[in-house]
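Note that this is a predicted model, so its numbers are computed, not measured. Letters A, B, ... are given to chains in the order of the sequence lines, protein chains preceding strands, and every chain is numbered from 1.
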Amino acid sequence: MWQPTNTPEQDRARKLSELQERGVQPYPNRVTRTHTAREAVSAFEAAEAANPDAPAPLTVTVCGRIVRQNLKGKAFFAHIEDGTGRVQLFVRIDGVGEETFEMIRRHLDLGDFVQARGTMMRTRTGEVSVLVDELVLLAKALSPLPVIKERVADDGSVERYGAFNDVEERYRQRYADLAVNPDSREVFRKRAQTVSALRRFLDGEGSLEVETPILQPIYGGAAARPFITHHNQLHQDLYLRISFELYLKRLLVGMYDAVYEIGRDFRNEGVSFKHNPEFTQLEFYQAYTDYHGMMDLTERMIACVAEQVTGGTTISFEGHTINLAPPWRRITLREAIRGQTGIDYADHPDAKSLFGAMKAAGLAASPTATWGKLVDTLLGDAVEPSLIQPTFILDYPRDISPFAKTVPGDPTHVERFEVFVGGMEMGNAFTELNDPLDQEARFLEMSHLYAAEDEEATPVDGDYLRAMRYGMPPCGGCGVGVDRLVMLLTDRSAIREVLLFPHLRERQA
RNA sequence: GGGCGUGUAGCUCAACGGUAGAGCAGUGGCCUUUUAAGCCAUUGGUUGGGGGUUCGAAUCCCUCCACGCUCACCA
């Protein structure tokens with residue numbers, strides 16, 4: 001059973017039992033509400049506008065959490081907050097009676113939820129308020145939330161006194177963060193808007209939203225280590241998906257022209273400011289197009305989403321002004337690397353030579369990496385951080401892209417792009433490989449490239465190959481990291497800021 | 001996993017070898033139009049855990065834990 005651990009909690013626990021002794025139900029079942037905080041204020045303002053001298057009397061019942069209180073002798077002022085905003089309660093002992101007023105004085109705390117009935121009025125200082133005639137406790141708060149006071153300056157700017165900004169505690173107790181920090185609440189509102197804007201956009205394109213297995217007997221579609229779990233009755237190991245790719249493309253075989261899925265991917269890898277073990281991915285696939293079509297679609301989609309979420313296509317991210325209006329810059333990977341490092345990887349067609357060139361240029365590289373991996377390192381280290389304005393990097397080495405078609409006339413490259421904004425990879429797309437025999441060869445190639453015990457190896461997915469042998473239309477596909485898109489649109493530099501409950505290490509007792 | 005840094009009251013922070021403090025919150029008092037209310041009084045801490053050095057440790061050392069930054073890893 002919970003025991004108070006500090007003085008404020010002891011006080012609240014005492015108040016709780018005293019209330020119960022007096023027959024007050026501190027957590028009643030029934031609630032009445034006629035107006036939200038915002039509705040109450042705007043209804044009164046409307047009544048004032050209609051008749052400035054004598055606005056029609058307006059009785060409301062509002063509910064919310066007490067976020068500010070000020071006892072002033074036989075009067076009591078409080079702001080209550082609900083999901084729509086705040087409204088001030090003005091309680092006078094004459095209005096509610098001595099018993100209720102004494103309850104307010106002795107037993108009400110910041111953080112408690114109350115229901116208040118009264119008439120709308122303006123106080124002497126001009127604030128629209130509820131002059132309360134009945135006040136009911138809806139829920140007693142036993143632990144104190146961090147106290148943050150606000151002063152609204154004449155110019156409308158809000159100055160805040162006090163804070164709850166310990167990063168770890170904000171993540172571990174997100175409920176407290178949200179309750180107390182409106183900025184945090186806004187981030188997740190924008191996150192929801194982002195996801196629904198993505199849905200609306202793709203629905204409008206005629207794409208079908210689908211759901212594919214999260215528990216998969218064979219994982220694939222990306223190079224990442226999976227989480228492994230087990231189905232007891234089937235005596236079968238299952239993997240949490242690392243991508244949706246292979247299932248979504250099966251659906252194109254099934255004659256949907258365009259499908260998409262928004263959902264969770266799981267990767268058993270390092271955690272960083274832009275990596276969480278589970279993250280939200282959007283993947284969309286469209287028949288009868290290629291990666292050029294995907295680029296057009298992607299830039300239109302992100303610009304459209306940005307407009308709906310932020311009100312425009314010019315956004316601010318980490319001090320940069322970023323213009324998301326299409327068209328976006330398109331440059332080949334080879335040119336981008338040459339431009340940033342002076343290295344033309346075409347001059348270094350094998351891993352050894354490229355490694356040497358990178359060393360000579362003072363760039364870190366793993367001596368055991370494959371040629372494709374080295375190119376990827378060059379991209380990640382030398383190019384990616386410089387890609388602040390939206391940029392498509394196109395045409396990737398074939399051996400790190402097992403699901404993309406080769407560039408006609410250039411067997412060493414595939415039709416693939418990654419899109420970068422704000423120095424972060426936001427998406428990855430291909431002209432999807434639809435040749436079942438070529439795909440099978442690529443699978444085998446990949447499994448030879450990685451050691452057998454390497455968990456990043458892409459396992460051969462026989463069922464996927466069977467699907468493709470029935471005929472898959474030419475198509476383009478793209479994956480977009482939704483969390484990173486939200487980071488971009490909310491100007492947050494850590495993925496944990498845009499995840500409600502980011503993964504944290506378990507704390508020892 | 002490596003390096004650097006942080007951890008003090010419910011929250012935000014001081015004190016950096018010599019009795020652990022402030023503001024807010026809390027408690028008691030005054031105030032029936034306040035709004036960061038104010039005024040008076042006051043409670044609250046094994047200074048993240050454990051060990052060591054020292055006459056004396058929040059402070060120095062070791063170790064463990066968590067978080068942050070960074071490197072490695074990572075489509």
Side-chain angles (χ1 to χ4, degrees), chain A residues 4-12 14-15 67-79 86 88-96 101 105-106 109-111 121-127 129 131 141-153 158-172 176 180 221-225 242-243 245 265 267-277 281 364 366 372-373 376-377 379-381 384 393 396 400-404 416-418 420 425-430 456 479 481 493-494 496 502 504-509:
Chain A
T5 56
N6 54 57
T7 320
E9 285 183 346
Q10 283 162 5
D11 287 326
R12 286 163 186 249
R14 172 182 54 76
K15 291 172 184 178
V67 293
R68 187 200 129 241
Q69 60 178 16
N70 176 17
L71 181 66
K72 195 171 162 52
K74 296 194 170 78
F76 174 78
F77 294 89
H79 277 114
R86 295 180 177 189
Q88 178 168 258
L89 305 183
F90 177 23
V91 184
R92 285 195 294 200
I93 192 165
D94 301 342
V96 295
F101 199 81
R105 257 167 68 81
R106 300 287 173 190
D109 286 297
L110 286 173
M121 48 95 66
R122 237 176 233 282
T123 59
R124 193 172 288 166
T125 51
E127 177 159 356
S129 308
L131 181 59
L142 289 179
S143 297
L145 284 166
V147 177
I148 297 175
K149 298 188 170 189
E150 293 183 347
R151 177 159 65 182
V152 183
V158 177
E159 199 174 350
R160 309 190 88 211
Y161 300 83
F164 178 51
N165 53 20
D166 182 290
V167 170
E168 182 180 350
E169 289 310 321
R170 282 182 47 237
Y171 297 160
R172 286 194 194 277
V180 145
R225 283 188 296 178
I242 58 171
S243 88
E245 170 136 5
D265 269 345
R267 297 188 183 177
N268 205 339
E269 288 169 348
V271 176
S272 83
F273 73 95
K274 53 180 176 175
H275 298 268
N276 195 65
Q281 181 91 342
S366 159
K373 277 270 185 192
D376 203 42
T377 302
L379 169 63
D381 291 358
E384 181 170 342
I393 300 285
Y396 280 63
I400 53 170
S401 313
F403 302 107
R416 169 180 176 184
F417 72 76
E418 291 185 308
F420 296 85
E425 182 198 334
M426 304 296 302
N428 180 24
F430 319 123
E456 268 190 38
S493 51
R496 285 173 163 186
L504 293 177
R505 211 175 295 242
E506 201 170 1
R507 200 182 251 167
Q508 302 214 327

Check every atom of [options] against the side chain of [X] and return the nucleotide holding the closest atom.
X	options	answer
A:K72	B:C31, B:C74, B:G68	B:C31
A:R105	B:A75, B:G29, B:U32	B:G29
A:K149	B:A75, B:U43, B:A37	B:A37
A:E418	B:G10, B:G29, B:A75	B:A75
A:D109	B:U33, B:U27, B:G10	B:U27
A:R14	B:U27, B:U32, B:A25	B:U27
A:T7	B:U27, B:G44, B:G29	B:G44
A:K373	B:A75, B:U33, B:G68	B:A75
A:V167	B:A25, B:G68, B:U33	B:G68
A:P144	B:A36, B:A75, B:G10	B:G10

[atom1] atoms of [N] and [M], separation to the nearest Å:
N	M	atom1	result
B:C4	B:U42	C1'	43 Å
B:C31	B:G21	P	33 Å
B:G7	B:A37	C1'	34 Å
B:U63	B:G5	P	14 Å
B:U47	B:A14	C1'	13 Å
B:A66	B:G52	C1'	23 Å
B:C61	B:C67	P	24 Å
B:G44	B:A25	C1'	11 Å

What are the two closest heavy atoms between A:Q281 and A:G481, and how far apart are they?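 A:Q281 and A:G481 have their closest heavy atoms at OE1-CA, 4.0 Å.
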
All heavy atoms of A:I148 vs all of A:G162, minimum pair found to be CG2-O, 3.7 Å

What about A:N428, does its side chain sit under 3.5 Å from the base of B:A75 through a donor-acceptor pair? yes

Quick check with a 6.0 Å cut-off and a 45 degree axis cone: is A:R416 positioned over the face of A:Y396's six-membered ring?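 Checked: cation-pi criterion met.
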
Which nucleotide, if any, forms a Watson-Crick or G-U wobble pair with [N], using both distances under 3.5 Å?
N	answer
B:U54	none
B:U47	none
B:U19	none
B:A14	none
B:G68	B:C4
B:G38	B:C30

Using whole Å, what does the distance between atom [atom2] of nucleotide [N] and atom [atom1] of [X] come to?
X	N	atom1	atom2	value
A:E169	B:U8	CD	P	10 Å
A:N6	B:C24	CG	C1'	15 Å
A:F417	B:A75	CZ	P	18 Å
A:F403	B:A75	CZ	P	13 Å
A:F77	B:G38	CZ	P	15 Å
A:L142	B:A25	CG	C1'	16 Å
A:K274	B:G68	NZ	P	16 Å
A:K74	B:A37	NZ	P	22 Å

Is any side-chain nitrogen or oxygen of [X] closer than 4.0 Å to OP1 or OP2 of [N]?
X	N	value
A:R106	B:G28	yes
A:R68	B:A37	yes
A:R172	B:C67	yes
A:R505	B:C67	yes

Is there side-chain contact between A:R12 and A:P144, with at least one heavy-atom pair below 4.5 Å?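 SC-SC contact between A:R12 and A:P144 confirmed.
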
Quick one: does A:L71's side chain get under 4.5 Å of A:F101's, heavy atoms only? yes

[X] side chain to [Y] backbone, donor-acceptor under 3.5 Å:
X	Y	value
A:E269	A:R225	yes
A:S272	A:K274	yes
A:E127	A:T123	no

When the ring planes of A:F90 and A:F77 are compared, do they come out parallel, tilted or perpendicular, using 30° and 60° as the limits? parallel

To the nearest 0.5 Å, tell me how far A:R496 CZ sits from A:R170 CZ.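 Atom-to-atom, A:R496:CZ and A:R170:CZ are 11.5 Å apart.
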
Where do N or O atoms of nucleotides 12-15 of chain B meet protein N or O atoms at under 3.5 Å, pair by pair?
from, atom 1, to, atom 2, distance (Å)
B:U12, OP1, A:N165, N, 3.3
B:U12, OP1, A:N165, OD1, 3.4
B:U12, OP1, A:D166, N, 3.2

Quick check on RNA chain B: between A:D381 and A:R12, whose nearest nucleotide comes earlier from the 5' end?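 The residue mapped nearer the 5' terminus is A:R12.
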
Let me spell it out: for each of A:E127 and A:E425, pick the nucleotide of RNA chain B with the closest heavy atom. Which residue's pick is nearer the 5' end? A:E127

Considering every strand and a 4.0 Å limit on heavy-atom distances, what is the contact class for [X]: base, sugar-phosphate, or nothing?
X	answer
A:E384	nothing
A:M121	base
A:L504	sugar-phosphate

Before giving the answer on side-chain contact (heavy atoms from CB on, under 4.5 Å), spell out for A:D94 and A:K74 the whole-Å C-alpha distance, their side-chain angles and the decisive distance to 0.1 Å. CA-CA 8 Å; A:D94 301 342; A:K74 296 194 170 78; over 6 Å; no

